[in-house]
Chemist: 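Okay, handing you the structure first.
Residue numbering restarts at 1 for every chain, and letters A, B, ... go by the order of the sequence lines.
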Amino acid sequence: MGKKNYCPKMIEAKWQKKWEKDGHPKSRGKKGKYYILDMFPYPSGDGLHVGHVENFTATDIYARFMRFLGYEVIHPMGWDAFGLPAENFAIKTGIHPDKKTRESIKNFTRQIKSIGLSYDWHREINTSSPEYYRFTQWMFLFLYKNGLAYKKKAKVNWCPSCQTVLANEQVIDGKCDRSGDIVIQKDLEQWFFKITDFIENTKSKTGKKIAGLLSGLETIDWPESTKAAQRNWIGRSEGAEVVFCVVDTEEEIRVFTTRLDTIFGCTYVVIAPEHSLLGTLKSTIANYAEVKKYLEKTKKKTDLERTELNKEKSGVLLEGIEAVNPFNGEKVPVYVADYVLGTYGTAAVMGVPAHDERDFEFAKKYNLPMRKSIVPIGGKNKEKCFTEDGEVYDSGEFTRLSSAEAREKMAAWLKKEKLGRKVVNYRLRDWLISRQRYWGAPIPIIYCDICGTVPVPEKDLPVKLPTDVDFRPDGESPLARSKSFHQVKCPACGKKARRESDTMDTFVCSSWYYLRYADPKNTKQFASKKALKRYLPVDFYMGGAEHTVLHLLYARFFTKALATYGYLDFDEPFMKLRHQGMILAEDGQKMSKSKGNVINPDQIIAEFGADSLRLYEMFMGPIDEMKVWNTKSIIGLRRFLEKVWNYFNDYIEYKKKYSEAIGGGEKQLSSLQRTIEKVTRDITDLKFNTAMSQLMILLNELKGVGPKTADEKNKGGEIFFDKKEDMESMLILLSPFAPHIAEEIWEKLGNKKSIFFAEWPKCDKKKITKEMMKIVVQVNGKVRAVLTLAAETSEEEVRQLALADQNTRAHIAGKTVRKVIYVSGRILNIVAT
RNA sequence: GCCGAAGUGGUGGAAUGGCAGACACGCUGGACUCAAAAUCCAGUGAUAGCAAUAUCGUGUGGGUUCAAGUCCCACCUUCGGCACCA
C-alpha cells in the first residue's frame, strides 16, 4: 500500500515552524496555575548537553500533561548569562563577552527549539541584559537598606588563577570550583549578604512567621539527600560557652563545647592562632618569640594544608598563662594550636583527652594528663578514649548523671554563676558576593570622601557595565580601570566620588530569576504584586544536583528576605524539587570535552529525530538516577515510533476502504483502559520510563496478534479500535512524550485543531474486563502449577483444582497438607510437610 | 568519622510482601533477498535434560513470614554531601 515512511526531519521541522509562528497551544487554565521551572542554563559556547535535554524533556512532558488536565502552566526559559567562561574566552580571543554570550544564546535557543520544547518564550530573560540586572542591583539595594548587605574586612577565599574572591560555597576541598586552583586566604574588604539571619525562624515586619532555612526544609517536597546536604552545610550544633578566667589577669577565654558533660576531664585549653588573646596578653606570655614563630608558620599555610586530615597536630604552650576551669577551680595550661579554627565558635576549646579523639592525640604528643569523667552505662571504660555519651564520673555534684542530664544541669549552673550559657553554633557563614571581575552585575554603591558609602539612587539604575574595558584580571576589578565608570559625582553631595568597581557573584542573579518570569517586561518593579500573587511560588522545579547548596540555598535566602519586608507572601520559592540524574558517557565516565566523549544532541536529532531522542532519554531509566548513554539503544525508540506511524497509517488506509467497524475486542479495549490508567499515574509520579513501556506494550498487543485485518497478509495483522476516539486516546497518551509525530498523525486523522487542545483520556474502569484469572499454585512457596480459571471461580473450586493438578500432587505426595493459603485471584500456597 | 542514596541477566532497567528479569538494546536461529541492509517470526538468567521438568539465582551473613529483590538486624562495596566544626 502507498503509505509514506516515517520521516522525522520533515514532520519536526513542520511543527516547530508552526509552534514558532502561533506559539504553543495553551489550555484555558480552569484548574488554576501550575508553575513548572527548569534551572536556567548558562549559555556556554559548547551548546546544549544531553543532560539539559533530559531535564527539559522531563519538565516539558509534565507541562504538556498539566495543560491537558486544564492547568494554566507557566513554563519559562531564560539565560544565566553572566559568568567567568565568557570572560575568560574574551581574554583569550578579544571577543567581547556580550557578543559571545549573545551567540551562545542564539545557539541554545535553536537547539532547544529543535527538540520541540513548549516554553513560554514571551517570558524569556537574560541576566546580563541591563533590563534584568537593573533589578539585580535593586535587590542589592533592598538588602543594603535593610541591613542585610554589609561590607567588612575579613579573611576571604582568593583564587589566584581566577584573580577574584570566592564564596565559601565555591571552594571545594580547598580548591576553586572553577579553575581547580588551591584557594588562598586574603584579608580584604568585601560585600556580604546576611544569610545567617535566616537560619532559624523569624518574623516578617507585619508579624508573619518566616520559616528559617532549617525548619523550612520540613515544609517542602525536596529529595531527602538535598535537604540533608543543606542541613549539613548549615551545620547547626548545640552546645555551651564556658568562661575560663586567665590567672592573674582581667582576661578570660570563652570556649565552645558540645560536650559540657565532659568538662571535669578538661586538662588544658587550646586557642586558635587567630585568637585575640594572643595580642592582649603578648607581654604576659613568657615565650612570645616562640609563639610568634608558630603564628607566622601557620599564616603561610593554605586552608587546605591547615585542615589536612590525619596530620600530626602541632601547638605551642603559652608559658606564664593559666586558665581556670570554673567547675572545679583547677588551673590548666593554655596552648595555641592550628587545629583550632579561628572562624568557628569562640576560636577556643577545652582539651578533654579522655573523651575526644583530637584532644587525645594532642595530649599524647605533649604529654598532657588524661582524666576520665564519663563511663559507659552498664560497662567498664576499656578504651583509652571514650567519645560516646555515658554516665558522668568523678565530677562533683554532677557525678552519676547521664551525659544528657549533666549537660542541662551544668548549663543551668553556668547561667546561675554567670560563667557561661547554652549556645548554638553554625557552620554557615554570611555570603561573600563581591567579585573582582568584569562580566557581572555592578554593585550599585558609590564611595564619597564626605558622605561615605552611598547607595546609587533607584532612579539611576541600572548602573551599566561599561563596554570600553580591558577585562584582563589583575586582582582589581577591571571596572576600576574604566575612568568613565569609576569616577562619578556623589549622589548625596555632588562632589567627586568613586564607584564600587566590583561586580556581584553570578549566583546573586540566579537567586531571584524565578520571580522575574512572573512579570518579565515590568520596567518599574522586579515583578508586580499581582503577577507574583498569581504565579508564584514555583510548583515544580527541576535541575542538576550540583546546585544543592549554592543556588538552592541562596534562592531560599532571597525569598525569605523579600518575604520579611512584604514583597512576597510565601517563604519558600520551590515547593517540589527533583534532580535529573547525571548522564555518563558510553565509557562510564563523565562527559567532558577533554575526554572527547561528549554526545551532541544535534547529531542524535539528525540521525534519529527529536522525538526519538526525547523518548530515548525518558526511557533510559528513572529520571533522578545516574545513567549511562548508549547510542545503540536509541534505535529501539525510533522503531517504536515507526510502528506507531505505520499503525496509524494502516488505520487511515483501512478507513478509506471500509466503512464498517472491524475493531478490537474486549481484550484490546481493556488494555487501552489500563494504559490510560498507568500512563496517567506514571507521569504524575514522574516515572516516564515505565509510562513508555506501557505504551509499547499496548502497541505490541494491537499489532501482530488477533484476527487479520482485510488487506494485511504478510503481517501478523493489526487491530484497530471501532471508535475513533479510542484510536485518538492512544495518540494523546503519547503526545507529551513525542509531540511532533503526535501532531502530525492527529492532523492526518482529520483534526483541525492541535492535539494539545484535546482532553486527556479518562480511564473507564467498566471497560476493564475481568479476564481469566491466573492462579499461581505453590507448594511450600515454590511454584508448581499455574491455573487459568474463570474470574468468578470460588475459593473452594480453586483449592480442588489446585490439588488435582498432577505436578502439584507429585510434590505433595507422601506429605501431609498442613495449611492452604489463598490470596484471592492471585496465588494459592499449599504448606505440606 | 558523620549524613544521604544505591547494589537485580551480556547491557539499560521492571516488579501494591504473592510467577524475579516487564519493556528495550544486544545476541542466536529462521523467513524474505542473487546478496546485504531494513523488516517480520521464534528463542535468549545459570546448570542438567530430547522434553515435561528439576536445582540454583536480586552485594554478603543472619532473622521475621505460608511466601522476601521488597520487612528487621549485622556487615561489604559503589556513588554524592560534610568533615581537626570542638
Side-chain angles (χ1 to χ4, degrees), chain A residues 5 172-173 223-237 239 255-259 262 270 272 306-311 313 337-341 343-352 355-359 361-362 387 425-428 545-546 548-549 579 581-582 615-616 619-622 624-637 639-640 642-643 646 687 689-697 700 703-704 714-716 774-786 806-807 810-811 818-823 825-832:
Chain A
N5 286 333
I172 313 288
D173 296 330
E224 193 45 50
S225 55
T226 304
K227 291 190 191 181
Q230 291 217 350
R231 282 190 205 103
N232 264 341
W233 186 258
I234 294 166
R236 184 180 204 271
S237 117
V255 305
F256 174 72
T257 178
T258 55
R259 290 299 304 275
T262 66
V270 192
R306 207 173 134 178
T307 58
E308 211 176 314
L309 273 162
N310 306 324
K311 159 200 89 165
K313 298 189 175 20
D338 67 1
Y339 80 90
V340 175
L341 305 174
T343 51
Y344 184 78
T346 54
V349 301
M350 61 182 197
V352 186
H355 304 294
D356 182 279
E357 303 269 4
R358 295 156 300 187
D359 297 345
E361 262 178 69
F362 190 79
T387 57
N425 262 315
Y426 304 95
R427 215 190 66 92
L428 182 71
E546 67 273 19
T548 41
V549 281
H579 302 297
M582 201 198 298
L615 256 48
Y616 170 63
F619 188 65
M620 283 177 89
D624 54 354
E625 272 174 38
M626 197 187 281
K627 290 160 289 253
V628 180
W629 183 269
N630 182 4
T631 300
K632 257 188 178 169
S633 294
I634 305 173
I635 193 68
L637 287 303
R639 280 179 196 150
F640 168 69
E642 276 166 9
K643 282 185 209 165
N646 291 338
K687 287 158 79 174
N689 54 332
T690 49
M692 284 307 308
S693 302
Q694 184 57 41
L695 288 167
M696 290 173 181
I697 290 167
N700 288 345
K703 285 183 76 85
N714 56 347
K715 299 254 172 87
K774 259 167 78 183
I775 304 292
V776 174
V777 180
Q778 298 182 329
V779 177
N780 295 331
K782 286 193 175 161
V783 182
R784 298 304 175 190
V786 180
Q806 275 208 352
N807 200 30
H811 283 91
R818 303 279 173 201
K819 209 175 174 183
V820 178
I821 289 128
Y822 179 60
V823 182
R826 285 170 168 272
I827 206 159
L828 185 111
N829 191 11
I830 299 161
V831 186

Chemist: In the structure shown, which nucleotide is the Watson-Crick or G-U wobble counterpart of B:rC40, with both distances under 3.5 Å?
Modeler: B:rG30
Chemist: Minimum heavy-atom separation for A:R427 to A:N232, with atom names?
Modeler: NE-O, 3.7 Å
Chemist: Between B:rU53 and A:R784, counting only base atoms on the nucleotide and side-chain atoms on the residue, is there a donor-acceptor pair under 3.5 Å?
Modeler: no
Chemist: Looking only at N and O atoms, is any donor in the side chain of A:N829 or the base of B:rC66 less than 3.5 Å from an acceptor on the other one?
Modeler: yes
Chemist: Select from A:S225 and A:L637 the residue whose nearest nucleotide in RNA chain B is closer to the 5' end of that strand.
Modeler: A:S225
Chemist: Of the nucleotides B:rC23, B:rC84, B:rA86, which has the atom closest to the A:M696 side chain?
Modeler: B:rC23
Chemist: Think A:K819 has a side-chain N or O under 4.0 angstrom from the OP1 or OP2 of B:rC66?
Modeler: yes
Chemist: Can you say whether a donor on the side chain of A:K632 sits under 3.5 Å from an acceptor on the base of B:rC25, or the other way round?
Modeler: no
Chemist: What's A:V823 touching, base or sugar-phosphate or nothing? Going by heavy atoms closer than 4.0 Å.
Modeler: base
Chemist: Nearest to the side chain of A:K643, heavy atoms from C-beta on, is which of B:rC23, B:rC40, B:rG18?
Modeler: B:rC40
Chemist: Paired with B:rA52: which nucleotide, if any, by Watson-Crick or G-U wobble criteria at under 3.5 Å for both distances?
Modeler: none
Chemist: Using a heavy-atom cut-off of 4.0 Å across all strands, would you classify A:I635 as base, sugar-phosphate, or nothing?
Modeler: sugar-phosphate
Chemist: Rounded to whole Å, please give me the gap between CG in A:D624 and C1' in B:rA5.
Modeler: 10 Å
Chemist: Looking at A:T387, is its backbone amide N or carbonyl O close enough to the side chain of A:R259 to form a donor-acceptor pair, meaning the two atoms are under 3.5 Å apart?
Modeler: yes
Chemist: Between B:rA54 and A:H811, is there an OP1 or OP2 to side-chain N/O distance shorter than 4.0 Å?
Modeler: yes
Chemist: Just to confirm, is there a sub-4.0 Å distance from OP1 or OP2 of B:rG4 to any side-chain nitrogen or oxygen of A:N232?
Modeler: no
Chemist: Given the P atoms of B:rG26 and B:rU77, what is the spacing between them in whole Å?
Modeler: 36 Å
Chemist: Base, sugar-phosphate or nothing for A:N689? Non-hydrogen atoms, less than 4.0 Å.
Modeler: sugar-phosphate
Chemist: Checking base pairs now: Watson-Crick or wobble, both atom distances under 3.5 Å. What partners B:rC82?
Modeler: B:rG1
Chemist: Taking atom types as modelled, is there a side-chain donor on A:D359 or A:Y339 under 3.5 Å from an acceptor on the other?
Modeler: yes
Chemist: Among B:rA24, B:rA86, B:rG13, find the nucleotide with the atom closest to the side chain of A:N700.
Modeler: B:rA24
Chemist: Tell me the closest heavy-atom pair linking A:S237 and A:T258, and the distance in Å.
Modeler: OG-CG2, 3.6 Å
Chemist: Looking only at side-chain N and O atoms, does A:Y339 come under 4.0 Å of OP1 or OP2 in B:rA86?
Modeler: no
Chemist: Give the rounded distance in Å between these two atoms: CD of A:E357 and C1' of B:rA83.
Modeler: 14 Å
Chemist: Does A:K782 put a side-chain nitrogen or oxygen below 4.0 Å from OP1 or OP2 of B:rA68?
Modeler: no
Chemist: Under a 3.5 Å cut-off for both contacts, is B:rU65 paired Watson-Crick or G-U wobble with anything, and if yes, with which nucleotide?
Modeler: none
Chemist: Would you indicate which nucleotide in B:rG81, B:rA86, B:rC66 comes nearest to any side-chain atom of A:A229?
Modeler: B:rG81
Chemist: Between P on B:rA15 and CD1 on A:I697, what's the gap in Å once rounded to a whole number?
Modeler: 11 Å
Chemist: Under 4.0 Å: is that the gap between some side-chain N or O of A:S633 and OP1 or OP2 of B:rU11?
Modeler: no
Chemist: For B:rU70, what is the paired nucleotide under Watson-Crick or G-U wobble rules, both distances under 3.5 Å?
Modeler: none
Chemist: Consider the side chain of A:V786, meaning its heavy atoms from C-beta on, and name the nucleotide among B:rC19, B:rG13, B:rC40 that approaches it most closely.
Modeler: B:rC19
Chemist: Under a 3.5 Å cut-off for both distances, is B:rA35 Watson-Crick or wobble paired, and to whom?
Modeler: none
Chemist: For A:M350, report the nucleic acid contact type (base, sugar-phosphate, nothing); a contact means any heavy atom under 4.0 Å.
Modeler: nothing
Chemist: Nearest whole Å is fine: how far is B:rG81 C1' from A:R427 CZ?
Modeler: 10 Å
Chemist: From the options B:rG13, B:rA86, B:rA20, select the nucleotide whose nearest atom is closest to the side chain of A:P622.
Modeler: B:rG13
Chemist: Looking only at atom P, what distance separates B:rG45 and B:rA38, rounded to whole Å?
Modeler: 24 Å
Chemist: Using a cut-off of 4.0 Å on non-hydrogen atoms, how would the nucleic acid contact of A:V776 be classed: base, sugar-phosphate, or nothing?
Modeler: base
Chemist: Could you give the distance separating B:rA86 and B:rA6 at their C1' atoms, to the nearest angstrom?
Modeler: 33 Å
Chemist: Can you tell me which nucleotide in B:rC23, B:rA14, B:rC40 comes closest to the side chain of A:T690?
Modeler: B:rA14
Chemist: Mind calculating the distance between CD (A:E546) and P (B:rG4) to the nearest angstrom?
Modeler: 22 Å
Chemist: Which residue lies toward the 5' end of RNA chain B, A:V549 or A:T258, if each is placed at its nearest nucleotide?
Modeler: A:V549
Chemist: Taking a pair as Watson-Crick or G-U wobble with both distances under 3.5 Å, which nucleotide is matched to B:rC25?
Modeler: B:rG10
Chemist: Evaluate the side-chain proximity of A:H811 to A:N780: yes if any heavy-atom separation is below 4.5 Å, no if none is.
Modeler: no
Chemist: Within the pair A:N807 and B:rA54, is there a side-chain N or O less than 4.0 Å away from OP1 or OP2?
Modeler: yes
Chemist: Quick one: is B:rG26 close enough that its OP1 or OP2 comes under 4.0 Å of any side-chain N or O from A:R639?
Modeler: yes
Chemist: Could you tell me the separation between the CE atom of A:M696 and the CZ atom of A:R639, rounded to the nearest 0.5 Å?
Modeler: 11.0 Å
Chemist: Nearest whole angstrom, please: distance from the P of B:rA67 to the CZ of A:R826.
Modeler: 18 Å
Chemist: Considering only the C1' atoms, how many Å lie between B:rA37 and B:rA31, rounded to the nearest integer?
Modeler: 15 Å
Chemist: With no hydrogens and no angle check, is any side-chain donor or acceptor of A:N829 less than 3.5 Å from a backbone partner on A:I821?
Modeler: no
Chemist: Quick check: do A:Y616 and A:W629 have side-chain heavy atoms less than 4.5 Å from each other?
Modeler: yes
Chemist: Could you measure between the two P atoms, the one in B:rG4 and the one in B:rA42, and give it in whole Å?
Modeler: 49 Å
Chemist: Is the base of B:rG9 syn or anti, where syn means the angle lies within 90° of 0?
Modeler: syn
Chemist: Taking atom CE of A:M620 and atom CD1 of A:I634, what is their separation to the nearest 0.5 Å?
Modeler: 8.5 Å
Chemist: Are A:N630 and B:rA24 close enough that a side-chain N or O sits under 4.0 Å from OP1 or OP2?
Modeler: no
Chemist: Report the nucleotide, chosen from B:rC25, B:rA86, B:rA24, that has the shortest atom-to-atom distance to any side-chain atom of A:F619.
Modeler: B:rA24
Chemist: Can you tell me the distance, in whole Å, between the CD atom of A:Q806 and the C1' atom of B:rU53?
Modeler: 13 Å
Chemist: Between A:T548 and A:H579, which heavy-atom pair has the shortest distance, and what is it?
Modeler: CG2-NE2, 4.0 Å
Chemist: Report which part of the nucleic acid A:V340 touches: base, sugar-phosphate, or nothing (heavy-atom distance under 4.0 Å, all strands).
Modeler: base
Chemist: Round to a whole Å and report the spacing from CD1 of A:I827 to P of B:rC66.
Modeler: 15 Å
